[in-house]
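Below is one structure, written out as structure tokens; comments come after it.
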Amino acid sequence: MIKNYSTYDIAQHITNRIRDAVNILVVCSRPVDPDSLSSGITMSWWIEKHFKQSAEVVIFHSISEKFKDYPLIKQVKFKTISEINWKEYDLIILVDSSAWDMLLTEKYEDVLSETGFGPFVLIDHHLEDTIHKDLRHNALRLDDVCTGRIIDDYFIKPSTENLTEDIATLLYYGLIDDARYFRNEPYEGMYLYAEELLKQGARHNEVMNIIVDEASMKFLAWAINNTEFYPNIKTTFLIIDEKKDKELSKLFGDKWNYGSLQKYYQEVFMRITEGYTYGIMMEYKNSSEIVAGWRTRNFGQNLSIKDIFCDAGAKQAGGHFGAGGGLFKSTDIHDVKEKIIAAIDKSI
Ligand SMILES: [Mn+2]
């Protein structure tokens, strides 16, 4: 019989596992964003403070330069999967993720064949996906504004530990970024949480000191020029086919990849433009797979692009209603685009 565990049961179970663990590893997820990084650092900080236990924090995706001034950021080590002795850890805490490959890269099956699901626990706020089902009562998943808040509510507060100014600032970075400066949907207690972090010393001006790097600005200009507009289905597409990929490599170097350069375009263009509720951006992951990201306007009766992607034959799709991504098995990016158009057309 499968018991229906409450979120409190699960948090208590995870807390017990931390208390009893000998070797703990914390793994942050892709996208490498403020909530993911601050959740990992905060978890490790709390484990050390409350249980006098050390917990190494790792990430298997490179950390952008823009995080270099974040408090305690040096505690997160960028590593490769093979650098970890997976058998060494009896507890591996995963944060802010809805997919194994976003945590453990495309090599995740190798890791799992070595470890099984046994050592893993997950703390997360994304839509339910395979990983939550795999980990069952070892996954604390809530619909909340960010993972950092779940860590604060379910672990730090019950332990009666006080946040330091640095940890409060880190959590504030995570909140502000995941809430997109409170433009995304409000979650119950979201503003109260912001207020609590400020009271505990979060440095508001530091977090609000928004700067965008030159490359992201240049990418924005390029991307808008290369965007295709489909007014009938209220959708914009940015299709990075082989030709455009070459162009981007010339402009931004071979390091151009799906991850950070496009973030500003996604924020200031996709779903903001009048008449265009949906913004979709696609590129080749490799010669037989295509990754597609979406942004959906929050206001109005809008379609779920996750459902649209599934309808259009996506191998996987997930994230949030307003922002997410999917993977298609195909060698033809334009063909996938046509299938998405047809799926939206059918649903509208
Ligand atoms: Mn998050």
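As the structure lists them, so they are numbered: ligands from 1, and atoms in each ligand from 1.
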Pairwise distance CZ(Arg203) to CG(Leu197) - rounded to 0.5 angstrom: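 Answer rounded to 0.5 Å: 12.5 Å.
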Metal-centred angle, the Mn ion (ligand 1) as apex - OD1 of Asp96, NE2 of His125, 10° resolution: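 The OD1/NE2 angle about the Mn ion (ligand 1) sits at 80°.
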Does any N, O or S atom in Asp35 come within less than 2.8 Å of the Mn ion (ligand 1)?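 Yes, Asp35 qualifies, because one of its backbone or side-chain N, O or S atoms lies under 2.8 Å.
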With a cut-off of 2.8 Å, does Asp178 put an N/O/S atom close enough to the Mn ion (ligand 1)?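 Yes, within the cut-off.
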Heavy-atom count around Lys157 NZ within 6.0 Å, excluding the residue itself: above 12?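 Yes, NZ of Lys157 has more than 12 neighbouring heavy atoms, counting only those of other groups under 6.0 Å.
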Is the distance between the ring centroids of Trp46 and Phe155 less than 6.0 Å?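 Ring centroids of Trp46 and Phe155 are less than 6.0 Å from each other.
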Does the ring center of Phe229 lie less than 6.0 Å from the ring center of Tyr276?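 Centroid separation for Phe229 and Tyr276: below 6.0 Å.
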